[in-house]
Amino acid sequence: MGRIFGVSEVENPAESGTVSKDGRTAVAEVTFATKEADDVPDGTLDAVRAAGDGAEQAGLKAVYGGEPFETSHPPVGPGELVGPGVALVILVITFGSLLAAGLPLLTAVLGIAGTMVAVMGLAAWFDVSDNAPTLAIVLGLAVGVDYALFIVSRHRTQLADGMPVRESVARATATAGSAVVFAGATVLIALAGLSVAGVPMLTSMGLTSAGAVAVAVVTAVTLLPALLAMAGHKLVPKARKKRRRPRASGTAAPTWGVRWVQGVLRHPVRNLILGTVALVALAVPSTQLKLALTDEGSVEATSSSRQAYDMIGDAFGLGVNGPLVVLVEDDNPATVTSTAATVENRLQRVRGIADVSGVDVARDKTAARIQVVPETGPRSRETSDLVSRLRTQMEPVAHSSGSYVAVTGLTAVSIDVSDKLSGALVPFVIVVVGLSLLLMVIAFRSVAVPIKATVGFLLSVGAAFGATVAVFQWGWLAGLLGVPSQGPVASFVPIIVMSVLFGLAMDYEVFLVSAMREDYQRHRDARRAVLGGARSAARVVTSAALIMISVFASFLFSRDPDIMPIAFALAFGVLVDAFLVRMTLVPAVLTLLGDRAWWLPRWLDRLLPDVDIEGEKLHGPHAEDVPGVPVDSSRADESVTR
């Protein structure tokens, strides 16, 4: 094997001591000539595997592990295509037209294609995380379909009311398009905020995903209007016009969303209590959330890397898969030798260590290293505690000798990154909650609505994390969902899920509550406004949520231990937020508050900028808004229905 081109060194297990006590397992470390593990040529890897054929023929089992042999996952595989397929079915059911259903999916796919071209171009100059393209595709596809859905739905409603095509396209872009820009901005801010953690991997994932969302917004308000104008009258919902005709009683047939909200309003207190209790119960397991960076022990059990990881752990102990390194550096070779000897002596008395190697001195005698094998695996809390104890023990040694003494290695670095991400979570929550309150106050000119929206978002996040713990740590439904391993969740999952779910929750809040506010501004009837908003937006919001869920859930087929928890948490979070929070708790709270839900102190109203997110100023004055003009109840009902 040492003669293979691209292999610089191969250790002899008998000489390096990497033979198990029972003599049944041996590990030979292979060093490649390339600087990065990803740069090892496939031909070199194949030659290494071929060199092990002799062992296989002799009746031994040869397994190849390590980063170069890890199975790479493409950003999108056959399983992930299930989501767009389900989204198309939902769109066809929603619109009753294949053309209308295809436009949102077409613009979303084109937006994703543009994003991936840009990412591949930027990857030549900047480091892009392996998971960044996949996450960008997940979010770009989901929000791309949803944003286009809102605009197409508004356009078709206006066409059904007899508005000319060009005017309808312009008005839909100015109204629903403005709401899309506002909603997309919240997602962009949240994703870009991931860079404040100062972790390059997280920054790459956040900025790449933010770029995908930005492209989705731009596509929805530029390319989509052009396609709508080209489609012309083909998008007029003829079949739906028949269904929307008044019944004999003089009122329009209520949709599923309206019936849901009507059921909530019959017993608002009971539904508010039951919904809140259910969300809190779902969130309870989140208190047990454990975080760590994924490693080869997180991948599928059928992969070569996972098999090698398990075999080494069984034969030599779990800590062998995550050794630590104590590094000593000093310009004086004599000081390096004495300090390293002191470090080695102290390591013998530290609990939690399975083995300490000898001192390995560099050729120039200015550095030395000692390898430490923990008793526990690299992702366990005990190993993290061991790193903290070692650093505490090494501080007085470094201080007394004047040398640089550090506890490092891949496992220690992973623990440091995980701790940094965990530490950034609380400040990020504070920023997100503050941003949520500010945006909602500006959007809805209300005090109660922003507080309600923020509390609902926190409940949704808690429920999503609780379900994630149950599946990925406790193993509930893990076999059914194809979870490759149980244990701590990747450290960057909570902060990414919070940022994305925040943006999506605000999307649903904007599209649903803005319709209620618009109705309240016209009629000044709080209960009627809740039902009117449901008639206007519930169908679109529920369809958008189902599309989001299908897209996110389809990425569970990736079997990627980094992506699966994100996809599951987002799918479950959207399910809870759309149906339990926005369609249940929101109507109940707004009904109980009545007119107080739309109250804003005058001094605050004067300070806040006037943001017309739904383009209300584009609509002419309604007769019912003009003093002295009688209100026609049939027209009012028709207005609410629209």
Side-chain angles (χ1 to χ4, degrees), residues 73-87 90 108 112 115 129-146 187 190-191 194 201-202 205-206 208-210 212-213 216 282 286 289 291 293-294 298-300 460-461 463-473 475-505 507 544-578:
H73 297 275
V76 178
E80 287 85 339
L81 298 178
V82 173
V86 175
I90 295 172
I112 286 297
T115 301
S129 170
D130 292 340
N131 294 318
T134 303
L135 186 62
I137 291 173
V138 173
L139 300 182
L141 184 61
V143 301
V145 173
D146 273 12
V187 184
L191 288 171
L194 295 176
M201 175 185 64
L202 195 61
M205 296 174 72
T208 304
S209 301
V213 174
L282 289 171
S286 65
L289 182 64
L291 304 176
L293 291 184
T294 55
S298 308
V299 300
E300 291 182 275
S460 299
V461 168
F465 289 162
T468 301
V469 169
V471 172
F472 290 88
Q473 290 182 199
W476 296 6
L477 302 178
L480 179 64
L481 297 176
V483 177
S485 64
Q486 299 171 26
V489 177
S491 303
F492 51 78
V493 168
I495 199 167
I496 289 179
V497 170
M498 283 197 64
S499 62
V500 176
L501 199 55
F502 164 72
L504 301 181
D507 286 355
L546 291 174
I547 290 171
M548 287 275 191
I549 294 168
S550 65
V551 171
F552 291 144
S554 68
F555 278 81
L556 290 172
F557 294 107
S558 69
R559 299 295 190 269
D560 189 323
D562 291 330
I563 295 299
M564 287 186 71
I566 297 175
F568 175 81
L570 289 177
F572 192 86
V574 169
L575 174 67
V576 168
D577 190 83

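Residues take their numbers from the sequence shown, with the count starting at 1. Predicted model only: the values in this text are computed from it and were never measured.
- To the nearest 0.5 angstrom, M548 atom CE is 9.5 Å from L141 atom CG.
- By the side chain to side chain contact (heavy atoms under 4.5 Å, CB included) test, S499 pairs with A190, L191, L194, F428, sequence neighbours left out.
- Taking OG of S460 as the start and CZ of F572 as the end, the distance is 10.0 Å to the nearest 0.5 Å.
- Residue P484 comes nearest to M564 through the heavy atom pair CD-SD, 3.7 Å, listed as atom of the first residue, atom of the second, then distance.
- G573 and A464 get closest at one heavy-atom pair: CA-CB, 3.9 Å.
- Here the OG1 atom belonging to T468 is positioned 9.0 Å from the CD atom belonging to Q473, to the nearest 0.5 angstrom.
- Residues A108 and G144 come closest through the heavy atom pair CB-C, 3.7 Å.
- Residues satisfying the side chain to side chain contact (heavy atoms under 4.5 Å, CB included) test with A544, not counting sequence neighbours, are D146, L149, F150, Y508.
- A heavy-atom distance below 4.5 Å is not found between the side chains of L291 and P488.
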Full working for side chain to side chain contact (heavy atoms under 4.5 Å, CB included) between D562 and F492: CA-CA 9 Å; D562 291 330; F492 51 78; 3.7 Å; yes
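- When side chains are defined from C-beta on, F552 does not count as touching F568, because their heavy atoms never get closer than 4.5 Å.
- Remark: side-chain polar atoms of S550 are paired, donor with acceptor, to backbone N or O of I547 under 3.5 angstrom.
- One N or O on the side chain of S554 and one on the backbone of V551 form a donor-acceptor pair closer than 3.5 Å.
- The distance from atom CZ of F555 to atom CD1 of I137, rounded to the nearest 0.5 Å, is 6.0 Å.
- Across all their heavy atoms, Q486 and A478 have their closest contact at NE2-CB, 4.2 Å.
- Proximity of L504 to D577: side-chain heavy atoms (C-beta onward) are nowhere separated by under 4.5 Å.
- The shortest distance between side-chain heavy atoms of L570 and L139 falls below 4.5 Å.
- Note that the CG atom of L477 and the CZ atom of F472 stand 10.5 Å from one another [nearest 0.5 Å].
- Rounding to the nearest 0.5 Å gives a distance of 5.5 Å between CG of L135 and CD1 of I496.
- Between S209 and A136, the shortest heavy-atom contact is OG-N, 3.9 Å.
- Counting all heavy atoms, side chain and backbone alike, S491 lies closest to P494 at O-CD, 3.4 Å.
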